[in-house]
Amino acid sequence: MSVPYNHKVVEPKWQGVWDEEKAFHATNDFTKPKYYALVEFPYPSGQGLHVGHPRPYTALDIVARKRRMQGYNVLYPMGWDAFGLPTENYAIKNHIHPALVTKNNVARFKEQLHSIGYSFDWDREINTTDPSYYHWTQWIFLKLFKEGLAYKTEMPINWCTGCKVGLANEEVVDGVCERCGSPVVRKVKSQWMLKITEYAQKLIDGLEDVDYIERVKVSQKNWIGRSEGAEVDFAVQGKEDKLRIYTTRPDTLFGVTYMVVSPEHPILDKYQAEIKNWDAVVDYRAKAALKSDFERSELAKEKTGVAIEGLRAVNPVNGKDIPIWVSDYVLMSYGTGAIMAVPAHDERDWEFAKKFDLPIVEVVAGGKNVQEEVYTDVAEGTLVNSGFLDGKSVAEAKEAIKNWLEEKGIGTRKVNFKLRDWVFSRQRYWGEPIPIIHCEKCGYVPLKEEELPLVLPEVESYMPTDNGESPIAAMTDWVNVTCPCCGGPAKRETDTMPQWAGSSWYFLRYTDPTNEEALASPEALKYWLPVDWYNGGMEHTTLHLLYSRFWHKFLYDQGVVPTSEPYAKRTSHGMILGENGEKMSKSRGNVVNPDDIVNDYGADTLRTYEMFIGAFDMNASWSENGVKGCRRFLERVWNLQDLVTKEKGYSSDFEVKMHQTIQKVSYDYENLKYNTAIAALMSLLNDIVKKGSLTEDEFKTYLILLNPVAPHITEELWNTLGYEGRIYQQKWPEYDESKLVEDTMQIPVQVNGKVKATVSVLRDASKEEVLAAAKAAIEGKVSGNIVKEIYVPGRIVNIVAK
RNA sequence: GCGGAAGUGGCGGAAUGGCAGACGCAUCAGACUCAAAAUCUGACGGUGGCAACAUCGUGUGGGUUCAACUCCCAUCUUCCGCACCA
């Protein structure tokens, strides 16, 4: 009898051996086929690893280990996305330098990851807070600046009253700060911006060429929000000026009965003198300014607005004189800040018209009374009351009117995007300094490349200031410099970059992590890119994933990287919820610590359980009993060692089952079906135990198939039985197509779609033979006459009787 | 409102249009034990039946098909994004 399975001995032992043997290091042998597997690097928080982390890490660890056994040069790296608010907040509270907090947290994370036995190449570990790393983050920023894609502008930002920092739209959830939950207000500040909008079309087009799960593509497309329409100029009555609007429904131009401008629209100030009810307009505008974007949309149910008295517009298609209104349902930040209103065929316009008793003119006939109900169906409907467009379909009318507008010089075709530029400044200490100097005379002057990295200065206090300046601003020694351009007095930029900066290109650095001359060598980039498989959370779809695609496309246009897309394949995992089905959180008291699982059951059990818990892309609830079940499975595998014979090859009664399992497990590991791969291995185990013995080769194959999921126990068993070498050095088993089916098959026989019998037939039996056997088997069970006989080769027989 | 995902035993979940419930958990029974735990063996969707077996059954209602959890139409529920984007 073998010694009992003790994970506390087995697991540290092999982790040590693998480290020593550098078992999982990606080589720079560029002649071998490569495979680059990537998981999102964690933010090393003070809480340590969460049980959610091992799910994606284990999944791609399985792929990485399998691919290595298949002969690939595999890059499976890990690092730290270590700039960020929680670390800074912790530092402020406890008076510890954030760099030290980061160092401690990283050490903890690394130890935890190590204890789970991941095959990361730790020689390529990176940390976004290392000056040698952010050197290149700053370098990319300078490139963006030089290409005019980074600019500074006064703009209202989302200001978190708690963190005292500007937030991106994406970081504001339900009107409060995503991080701290404090209310977010609007505040005008000069901010660095990145022109991601310039890449909007490229970011959509690029999705055609990549293998992303569909919902990721759909989310990104919706987020970018492309729409096709036209810009049309409406003359302002008695003025030179035109009021330009954007519409996706130029076909409804004849139905325009009024116009609306956003409260911030410049036309208001310009014609202040003409506007008779200026007080009312100013009053309305002041009220709108007080509302945050959130409140503005929250109060969307009830439309408000003021009619401008003394200013009217002309509908260019029919010359009709129409009023202009001000309303906050029109946003200055989308389109032109002004709209043409077609109440008959737009829901918002209809509501507004109803409330303020404005005329509603039907221009698309759809069988509805537009005085009673809005009609927005674009697919059906014919133009009416629309002059030369009458009788055309909506699609035809759109084309016709666009041509007409362009011919007359009144309007142009126009594509719009919902995507906004990326607010890139943070008034915080713990981030990458922005390598720009501001000179009164020369404006914004970039640092020279040789001066990078611009290292974050040491400060006394990390506290953000109430006036919205970064704590670095107080460091006059650092801030006051001479202008590299004119030599006059100048100041450094004191805002820092957002957390998304370092993570937008980190996968490039892994390919060549210590390069001091470039972010990575062209050879390394050419060899390793694109990332073959990138897995990460759904919550990063419209932030990190989009930002990093943007930077990558920019770097591609600059000739820095060799591929236009960074990631060939993108998948996403589901969350791990608490036992009660709710999100794990301290306040709910349902948090599971992975350390406890590793300690009590072992890393292999943790890994097996997290893969067995359910479909990889769906949320799943934690279950301690489920963990126990996986531990039990591994113990049963452990006990197999007593059943192994000295025989070679696969025994005849197991051959088919072995080949089938190799096929299924190999396929499932590559297709996010880890749970059914493990189920297949459990099922094979049950058969082996039932039989009572297995050959040496059967055991070897079994261990190799299980190894990516449970690397420690399989390595130990391989070693115990005295098999040659290490299991991680073995070749992945292959299956033989011809051995996937038994010589005699069990074919179910249905009568009218219901199974009545099963027949045994030879694998190569003809259709006639099978049907004959089937009919014999159901003799007497059929009432009526047989009208049809169906045989699906190798699968099923169905006899139809009436 | 728009977009996405999901509804299958007591639970987690399996099923290229081809035997619904693989695999695991829980439960029950048996073996082992003085006993318990662990382990092993077996049973385990509902209804009827001693049983063989019959019959119903994948949110609901229709449809296509020899055959539907799977495809089509309609509908309900839940979860997750986005939300006045003209």
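Lettering of chains follows the sequences in order, A, B, ..., and the numbering in each one begins at 1.
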In residues 410-417 of chain A, what donor-acceptor pairs under 3.5 Å come from side-chain atoms, sequence neighbours left out?
{"residue": "A/Arg413", "atom": "NE", "partner": "A/Glu406", "partner atom": "OE1", "Å": "3.4"}
{"residue": "A/Arg413", "atom": "NH1", "partner": "A/Glu399", "partner atom": "OE1", "Å": "3.3"}
{"residue": "A/Arg413", "atom": "NH2", "partner": "A/Asn403", "partner atom": "OD1", "Å": "2.5"}

ask   = Could a donor-acceptor pair under 3.5 angstrom be found where the side chain of A/Lys628 meets the base of B/C25?
value = no

message = Counting the atoms with a prime plus P, OP1 and OP2 as sugar-phosphate, which does A/Asp617 contact under 4.0 Å by heavy atoms, base, sugar-phosphate, or nothing?
response = nothing

query = Given B/A83, is OP1 or OP2 found less than 4.0 Å from the side-chain N or O atoms of A/Asn222?
reply = no

key: By side chain to side chain donor-acceptor pair (under 3.5 Å) - contacts of A/Asn686 (at least two apart)   = A/Arg636

key: RNA chain B-proximal residues of residues 671-679 of chain A, any heavy atom under 4.0 Å   = A/Lys673, A/Asn675, A/Thr676, A/Ala679

Distances under 3.5 Å between protein N/O atoms and the N/O atoms of nucleotides 37-48 of chain B, please, pair by pair.
{"residue": "B/U39", "atom": "OP1", "partner": "A/Arg632", "partner atom": "NE", "Å": "3.2"}

inquiry  = Going by side chain to side chain donor-acceptor pair (under 3.5 Å), name the residues that satisfy it together with A/Thr676, two or more places apart in sequence or in a different chain.
reply    = A/Asp668

query = With A/Tyr199, which residues qualify under ring-ring contact (aromatic ring centres under 6.0 Å, His included), at least two apart?
reply = A/Phe550

key: Which residues share a side chain to side chain donor-acceptor pair (under 3.5 Å) with A/Arg631, sequence neighbours left out   = A/His7, A/Glu635

ask   = Can you list the residues that meet the side chain to side chain contact (heavy atoms under 4.5 Å, CB included) rule with A/Asn535, with sequence neighbours excluded?
value = A/Pro56, A/Leu60, A/Trp533, A/Thr571, A/His573, A/Phe616

task = Can you run down the side-chain hydrogen bond (donor to acceptor under 3.5 Å, both in side chains) pairs that involve residues 616-628 of chain A, sequence neighbours left out, and say none if there aren't any?
result = A/Tyr601-A/Glu624

message = In whole Å, measure the gap between the P atoms of B/C32 and B/A36 for me.
response = 12 Å

inquiry  = Among residues at least two apart in sequence or on other chains, which ones pass side chain to side chain donor-acceptor pair (under 3.5 Å) with A/Ser693?
reply    = none

Could I get a table of every N or O pair under 3.5 Å where one atom is in the protein and the other is in nucleotides 63-67 of chain B?
{"residue": "B/C66", "atom": "OP1", "partner": "A/Lys788", "partner atom": "NZ", "Å": "3.4"}
{"residue": "B/C66", "atom": "O2'", "partner": "A/Asn798", "partner atom": "ND2", "Å": "3.2"}
{"residue": "B/C66", "atom": "O2", "partner": "A/Asn798", "partner atom": "ND2", "Å": "2.6"}

So which protein nitrogen or oxygen atoms get under 3.5 Å of nucleotides 54-56 of chain B's nitrogens or oxygens?
{"residue": "B/C56", "atom": "OP2", "partner": "A/Lys754", "partner atom": "NZ", "Å": "3.4"}

message = With hydrogens left out and only the distance checked, is there a donor-acceptor pair under 3.5 Å joining A/Arg348's side chain and the base of B/C85?
response = no

